[in-house]
Amino acid sequence: MIVILRENPEKKQFDNLVAWIEAQGVIPHVTQGVHQTILGLVGDTAKIDIDLLQQMEIVEAVKRVQEPFKNANRKFHPLDTVIKVKDAVIGGGNMTVIAGPCSVESEEQIIEVAQKVKASGAKLLRGGAFKPRTSPYAFQGMREEGIKLLLEAKAVTGLPIVTEIMDLSQLDLFADVDVIQVGARNMQNFELLKQLGKSDKPILLKRGLANTYQELLMSAEYIMASGNENVILCERGIRTFETYTRNTLDISAIPALQTLSHLPVIIDPSHAAGIARFVTPLSLAAVAAGADGLIIEVHNNPSCAKCDGMQSLTPDGFDVLMKNIALIKDAQLACK
């Protein structure tokens, strides 16, 4: 349920309304706009008398929300959510690029890549310490040592770090990680999502390879309902009948999710394509479609990468991509 208040409500009336709502066993989430204040009511709202609410002097309108996701719903929160990670800003019209290798392989590798992607304009460093792999015989990541090396790269470059958690048992190791990534395979690991909801760290939530927009937003709702509203949605491609690319990038997810939700939407063209030469055109398409950011795999020697080298850009290729992104952003600004 959404309660829209009249412009410039009196503080005493506002406090009385909030107290009355809370007395009904419902939690009011306040969104303060320039000209309008909205209360999003989360909980069992069936027992609330809409007619009584509408008769209150402070209330302009009351609407019921049909979608099962409440906290993530744009109707509850009309303004874009903007998430700040150190000097990086994600959402609200910013184009923020996260870049780095699929997996951390050595101190030399991660620091070299971190320095180069920062020089090209990346605002955050990605790198896998724990790697979910289809084959149990494939490289599984450096685990705790990988996180330590990411922190070393952060100390050298100042870039905040993004890395994936796979299991609740690993949570303590992520104390100094800036953004915790939940991979596509864990998008509906609800116990993990609930625990991450108790964290104050931004959560980068990837869409599962066969999940709907609503299912993605319901997973975000698990995190937000537990108290953490800093969720970044990530479209990384879905499984279709096409096998030429690794996955099929769903560009429609950008405007669709931005219509349904106030949360930032970023794109992972590397996992969508699975082929390095496709990463640049998919990235540019995402920027043109209005994505809030990109997360891109960059390796200093892709042919020797222990994980996903085929889809990794070289630092030089990434630098060219960043220049092309800037051109599209300039063109968008010129058209406004």
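Below, each value reflects all heavy atoms present in this structure, side chains not excepted, and no hydrogens, waters or symmetry copies.
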Chemist: Are Lys206 and Glu235 within salt-bridge range, i.e. N to O under 4.0 Å?
Modeler: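 Judged by the 4.0 Å cut-off on N to carboxylate O distance, Lys206 and Glu235 do not form a salt bridge.
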Chemist: Walk me through it: do Glu242 and Thr248 pass the test side chain to side chain donor-acceptor pair (under 3.5 Å)?
Modeler: CA-CA 7 Å; Glu242 183 53 67; Thr248 299; over 6 Å; no
Chemist: Taking only Lys NZ, Arg NE, NH1 and NH2, and the carboxylate oxygens of Asp or Glu, determine whether Asp178 and Lys154 approach each other closer than 4.0 Å.
Modeler: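 The answer is yes: the pair qualifies as a salt bridge.
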Chemist: What I want to check is whether the side chains of Asp167 and Ser169 have a donor and an acceptor closer together than 3.5 Å.
Modeler: yes
Chemist: State whether Glu152 and Lys148 are salt-bridged, where the test is any N-O pair (Lys NZ or Arg NE/NH1/NH2 against Asp/Glu carboxylate O) under 4.0 Å.
Modeler: no
Chemist: If hydrophobic clusters are built from ILVMFWY residues whose side chains come within less than 4.5 Å, do Leu263 and Ile98 share one?
Modeler: no
Chemist: Please verify the inter-ring angle class for His77 with His262; under 30° counts as parallel, over 60° as perpendicular, anything in between as tilted.
Modeler: parallel
Chemist: Determine whether Phe76 and Leu41 satisfy the following criterion, side chain to side chain contact (heavy atoms under 4.5 Å, CB included), listing intermediate values before the conclusion.
Modeler: CA-CA 8 Å; Phe76 269 45; Leu41 308 190; 5.5 Å; no
Chemist: Less than 4.5 Å apart, any side-chain heavy atom of Pro101 and any of Gln109?
Modeler: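 Side chain of Pro101 against side chain of Gln109, heavy atoms only: contact under 4.5 Å found.
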Chemist: Does the ring of Tyr222 carry Lys194 above it, NZ/CZ under 6.0 angstrom from centre and within 45° of its axis?
Modeler: no
Chemist: Is it the case that one hydrophobic cluster holds both Val26 and Phe69, taking links as side-chain heavy atoms less than 4.5 Å apart, direct or via other members?
Modeler: no
Chemist: Under a 3.5 Å threshold, yes or no: a donor from one side chain and an acceptor from the other, between Lys118 and Gln115?
Modeler: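 Judged by distance alone, the side chains do not pair up.
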Chemist: Answer yes or no: are there more than 12 heavy-atom neighbours, outside Lys123 itself, under 6.0 Å from its atom NZ?
Modeler: no
Chemist: Do the side chains of Ile48 and Ile4 join up, straight or via other hydrophobic residues, at under 4.5 Å, putting them in one cluster?
Modeler: no
Chemist: Search all heavy atoms of Ile325 against all heavy atoms of Val97 and return the closest pair with its distance.
Modeler: CD1-CG2, 4.4 Å
Chemist: Applying side chain to side chain contact (heavy atoms under 4.5 Å, CB included) to Leu196 and Asn228, what does each step give before you reach the verdict?
Modeler: CA-CA 8 Å; Leu196 292 176; Asn228 186 352; 5.7 Å; no
Chemist: Just wondering, do Gln36 and Leu5 contact through their side chains at under 4.5 Å, heavy atoms?
Modeler: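 Side chain of Leu5 against side chain of Gln36, heavy atoms only: no contact under 4.5 Å found.
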Chemist: For residues Pro315 and Lys116, report the shortest heavy-atom separation together with the two atoms involved.
Modeler: CB-CD, 3.6 Å
Chemist: Please check if the number of heavy atoms outside Asp49 that lie under 6.0 Å from its CG is greater than 12.
Modeler: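 Atom CG in Asp49 is crowded, with more than 12 foreign heavy atoms closer than 6.0 Å.
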Chemist: Which is it for Leu209 and Arg185 under the side chain to side chain contact (heavy atoms under 4.5 Å, CB included) test, yes or no, and what are the steps along the way?
Modeler: CA-CA 8 Å; Leu209 54 86; Arg185 294 172 178 86; 5.9 Å; no
Chemist: State which residue, out of Val265, Leu217, Leu257, Asp250, fulfils the side-chain contact (heavy atoms from CB on, under 4.5 Å) condition with Arg207.
Modeler: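 Of the listed residues Val265, Leu217, Leu257, Asp250, the side-chain contact (heavy atoms from CB on, under 4.5 Å) partner of Arg207 is Asp250.
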Chemist: Quick one: does Thr81's side chain get under 4.5 Å of Pro264's, heavy atoms only?
Modeler: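 Touching, per the 4.5 Å side-chain cut-off.
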Chemist: Nearest heavy-atom pair of Ala88 and Leu124: which atoms, and what distance?
Modeler: CB-CD1, 3.6 Å
